[in-house]
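Values reported hereafter were calculated over all heavy atoms of this structure, with side chains retained and with hydrogens, waters and symmetry mates removed. We count ligands from 1, going down the list as the structure has it; atoms in each ligand are counted the same way.
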Amino acid sequence: MNTHQRNIQASVDPVRLDRLAEVAVKVGLRLERGQDLFLTAPVVALPLVRRIVEHAYRAGAGLVTPIFSDEEITLSRFRNAPEESFDRAPGWLYDGVAKAFSANTARLAIVGDNPMLLSNEDAGKVARANKANSVAYQPALEKIAGFDINWNIVAYPGASWARQVFPDDSEEVAVAKLADAIFAASRVDGDDPIGAWAAHNAALKKRTEWLNGKRFKALHYSGPGTDLTIGLADGHEWQGGASSAKNGITCNPNIPTEEVFTTPHARRVEGHVASTKPLSYQGTLIDKIAVRFEEGRIVEAKAARGEAVLAKVLDTDEGARRLGEVALVPHSSPISASGILFFNTLFDENASCHIALGQCYSKCFLGGASLTPDEIAAQGGNKSLIHIDWMIGSDKIDIDGIAGDGSRIPVFRKGEWA
Ligand code: ZN
Ligand code: ZN
């Protein structure tokens with residue numbers, strides 16, 4: 001490690017970093033005694049990985065297996081690998097990961113690299129590599145999306161990510177600012193982060209219980225560029241905050257999280273909607289998206305920036321043009337109030353109401369754990385290789401809940417819970 005790297009690491013407060021590691025293990029994963037843990041991280045996040053591994057073993061973890069990625073190694077592939085290699089992915093590795101999940105291994109993902117890393121690389125190669133990766137990852141991803149095991153995502157303020165978010169600051173200042181933002185959003189600023197998360201989970205639970213009691217048939221969104229009716233899946237269930245995996249562990253998959261969310265009906269979405277924040281999708285920024293739905297399917301799609309990438313995404317498979325998630329987040333959420341665009345869905349989706357193209361979550365159905373894929377599809381659940389969240393909320397959006405008898409109840413007014 002050189003002096004520069006030492007200075008960068010010094011801009012990340014070790015006390016709050018340790019609290020974040022503890023929250024990841026005790027709130028995010030709620031790792032059980034004897035449970036194995038599979039962990040992926042960028043090499044820049046090594047200081048956090050070390051803290052997490054220590055907390056995991058102290059909590060009784062069986063075996064912790066980390067796998068690291070590196071920005072320069074990733075770029076090296078796109079610049080030097082043979083053309084014909086971009087349809088390949090390490091399927092053997094993903095098969096092993098799926099096998100580990102089947103054996104009740106918990107999953108932790110740390111994000112921290114520059115989300116725009118691949119923005120200057122060949123878009124065709126990036127799309128092919130992403131698709132090959134999605135296909136190889138599918139068996140493992142199904143176990144995550146189906147919530148077979150406890151899993152969690154947390155963030156570390158990598159220097160290249162920080163420079164992307166705060167381009168006008170020196171690297172050290174940018175890292176310190178991104179670290180502060182991550183710690184605040186992850187609720188580890190106070191002395192009792194475990195208690196803070198218990199209170200936050202209770203508040204989110206109240207919202208989901210209200211929505212589940214109402215059993216809305218659809219949500220209607222109105223605002224600038226938006227007049228959209230999203231039918232909800234039959235037997236949908238709202239979720240938020242902590243939730244129970246099929247292995248019996250109640251965990252907090254996303255840190256941070258501000259959303260309550262459920263499954264829309266893949267064939268009952270009508271109208272048009274405009275994005276309110278740019279979407280950073282695997283290295284490309286897609287901005288000012290405007291789409292129109294007919295019978296659940298996107299029939300028109302435009303974007304002021306990244307339109308070609310958006311078009312490719314929508315052509316991934318049949319389900320890529322349909323919705324798999326609808327989520328409510330008040331405009332006053334702490335992440336939205338920070339005013340920071342993180343270029344990372346884990347943060348940006350928690351700043352705003354959003355919808356997701358692609359795969360639905362089976363846990364967002366009543367009794368979802370015992371439904372077959374065919375039953376989920378029959379109830380309106382969408383299936384796809386992708387799951388991409390994009391933001392449609394702002395302080396100008398009104399949302400009504402439409403009940404079974406057609407009556408309307410205000411849910412959001414001017415971006416806040418009504
Ligand atoms: Zn979401
Ligand atoms: Zn999502």
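- A salt bridge does not link R305 with D287: every distance from a Lys NZ or Arg NE/NH1/NH2 to an Asp or Glu carboxylate oxygen is 4.0 Å or more.
- Residue-and-atom listing of protein N/O/S atoms under 2.8 Å from the Zn ion (ligand 1), sorted by chain and number: E259 OE1, E325 OE2, E349 OE1, H354 NE2.
- Using a cut-off of 4.0 Å between Lys/Arg side-chain N and Asp/Glu carboxylate O, R51 and D18 are scored as salt-bridged.
- A donor-acceptor pair is defined here as one N or O able to donate and one able to accept, closer than 3.5 Å; no such pair exists between the side chain of R292 and the backbone of E300.
- Side-chain contact annotation: T316 with K131, donor-acceptor N/O pair under 3.5 Å absent.
- A salt bridge links K383 and E142; the closest N-O separation between the charged side-chain nitrogens and carboxylate oxygens is under 4.0 Å.
- Note on R321 versus D315: salt bridge recorded, some NZ/NE/NH1/NH2 to OD/OE distance being below 4.0 Å.
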